[in-house]
Amino acid sequence: MTWDEPATVAEAEAIQSRLRPLADLSSEGPAEIGLTAGLDVGYAEDGTVTGAVVVLDASLNVVDRAVARERARFPYVPGLFAFREIPPLLTALSRLSVTPGLLVCDGYGVAHPRRFGLACHLGVLTGLPAIGVAKTAFVGTHETPADERGSWTPIVLDGETVGRALRTRTGVKPVYVSQGHRMSLDNACAQVLRLAPEFRLPEPIRLADRLSRT
DNA sequence: GCGACAG
DNA sequence: ATCTTGTCGC
């Protein structure tokens, strides 16, 4: 799958609608993940975007990392987030010396107005299993999950479950998990809990966030 | 119509 | 996203 550069908002929306059917939301996905990549993008005052990828092994040790700093090509538009962040992330991914078995993206997957957020887009482009983990709610409605780590409630959009508000730390604000590509929602939440044994955000995303500010 | 809106 | 000190709590 190749990257299309949209020139307008209408074009970007059309690309999302066209690629949406290509996202695999039926596969369970691997239960055992060897290498997990966390992805995030940092912004600078000069209109520069820095894509960062950090790869962790099953013990959560860093085994690889890569960054790519470029000029932003698309403005920030809610719902079209991916067109701003994907270019530097693809460049950073191409600089890895290993191939991760899962992409953990900072944002949404299928919990999206057109059911095609950043995690779906990156999953389809790379062909790799991908999930989205966001820090705030964006679409749909959900109840507040119980206080204990592991508790969750469904995020419902137009009568459909599109993700979960998942508590990764007892007494701390939940994160918002949704499917991206080639992984079930159950599996995605299990992976997020495995990857976030100590802090609210999964370790791969925390480290990528830190790296993107460099 | 108006405001809100992943990062 | 980013601009930013101290402060409450485990």
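Labels below follow one simple rule: chain letters A, B, ... track the order of the sequence lines, proteins then strands, and each chain is numbered from 1.
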Self-check item: Criterion side-chain contact (heavy atoms from CB on, under 4.5 Å) on A:Val162 and A:Ser178, from CA distance to verdict
Solution: CA-CA 6 Å; A:Val162 295; A:Ser178 55; 5.9 Å; no

Quiz item: Could you go step by step and tell me if A:Gln191 and A:Val104 meet the side-chain contact (heavy atoms from CB on, under 4.5 Å) rule?
Solution: CA-CA 9 Å; A:Gln191 299 301 332; A:Val104 181; over 6 Å; no

Practice problem: Check the pair A:Ser184, A:Glu28 against side-chain hydrogen bond (donor to acceptor under 3.5 Å, both in side chains), reporting the backbone distance first and the verdict last. | Solution: CA-CA 5 Å; A:Ser184 69; A:Glu28 199 58 35; 2.8 Å; yes

Heteroatom pairs (N/O) under 3.5 angstrom, protein to nucleotides 4-7 of chain C:
none

Under 3.5 Å, which N/O atoms of the protein pair with N/O atoms of nucleotides 8-10 of chain C?
none

Could you write out each protein N or O paired with an N or O of nucleotides 4-7 of chain B at a distance under 3.5 Å?
unit_1: B:dA6; atom_1: OP2; unit_2: A:Tyr76; atom_2: OH; d: 2.7
unit_1: B:dA6; atom_1: N7; unit_2: A:Gly79; atom_2: N; d: 3.1
unit_1: B:dA6; atom_1: N6; unit_2: A:Gly79; atom_2: O; d: 3.1
unit_1: B:dA6; atom_1: N6; unit_2: A:Phe81; atom_2: N; d: 3.3
unit_1: B:dA6; atom_1: N6; unit_2: A:His112; atom_2: NE2; d: 3.3
unit_1: B:dA6; atom_1: N1; unit_2: A:Leu118; atom_2: N; d: 3.3
unit_1: B:dA6; atom_1: N3; unit_2: A:Tyr108; atom_2: N; d: 3.0
unit_1: B:dG7; atom_1: OP1; unit_2: A:Lys135; atom_2: N; d: 2.8
unit_1: B:dG7; atom_1: OP2; unit_2: A:Thr136; atom_2: OG1; d: 2.9
unit_1: B:dG7; atom_1: O3'; unit_2: A:Asp106; atom_2: OD2; d: 3.1
unit_1: B:dG7; atom_1: N7; unit_2: A:Tyr76; atom_2: OH; d: 3.4

Quiz prompt | Nucleotide-level pairing of DNA chain B, given in dot-bracket where Watson-Crick and G-U pairs need both distances under 3.5 Å and | marks other strands | solution = .......

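Between the side chain of A:Thr153 and the backbone N or O of A:Glu143, at least one donor-acceptor pair lies under 3.5 Å.
With sequence neighbours excluded, the residues that form a side chain to side chain contact (heavy atoms under 4.5 Å, CB included) with A:Thr99 are A:Leu128. Partners of A:His121 by ring-ring contact (aromatic ring centres under 6.0 Å, His included), not counting sequence neighbours, listed by chain and number: A:Trp3, A:Phe83, A:Phe116.
Applying the salt bridge (Lys or Arg N to Asp or Glu O under 4.0 Å) test to every pair with at least one member in residues 203-214 of chain A, sequence neighbours left out, gives these pairs: A:Glu203-A:Arg206, A:Asp209-A:Arg213. Legend: side chain to side chain donor-acceptor pair (under 3.5 Å) pairs involving residues 82-92 of chain A, not counting sequence neighbours, sorted by first then second residue: A:Tyr43-A:Glu85, A:Glu70-A:Thr91. For residues 164-182 of chain A, the salt bridge (Lys or Arg N to Asp or Glu O under 4.0 Å) pairs, not counting sequence neighbours, are A:Asp147-A:Arg167, A:Arg164-A:Asp186. Legend: ring-ring contact (aromatic ring centres under 6.0 Å, His included) pairs involving residues 131-169 of chain A, not counting sequence neighbours, sorted by first then second residue: A:His142-A:Tyr176.
Within 4.0 Å (heavy atoms only), A:Arg169 reaches no atom of the nucleic acid at all.
Base pairing in DNA chain C gives no stem of 3 or more Watson-Crick or G-U pairs under 3.5 Å.
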Cut-off 3.5 Å, no hydrogens considered: what does the side-chain donor-acceptor table look like for residues 15-24 of chain A, sequence neighbours left out?
unit_1: A:Gln16; atom_1: OE1; unit_2: A:Arg114; atom_2: NE; d: 2.7
unit_1: A:Gln16; atom_1: OE1; unit_2: A:Arg114; atom_2: NH2; d: 2.9
unit_1: A:Gln16; atom_1: NE2; unit_2: A:Gly79; atom_2: O; d: 3.0
unit_1: A:Ser17; atom_1: OG; unit_2: A:Glu13; atom_2: O; d: 3.2
unit_1: A:Arg18; atom_1: NH2; unit_2: A:Asp4; atom_2: OD2; d: 2.9
unit_1: A:Asp24; atom_1: OD1; unit_2: A:Ser26; atom_2: N; d: 3.0
unit_1: A:Asp24; atom_1: OD1; unit_2: A:Ser27; atom_2: N; d: 3.1
unit_1: A:Asp24; atom_1: OD1; unit_2: A:Ser27; atom_2: OG; d: 3.3
unit_1: A:Asp24; atom_1: OD2; unit_2: A:Ser27; atom_2: OG; d: 2.4

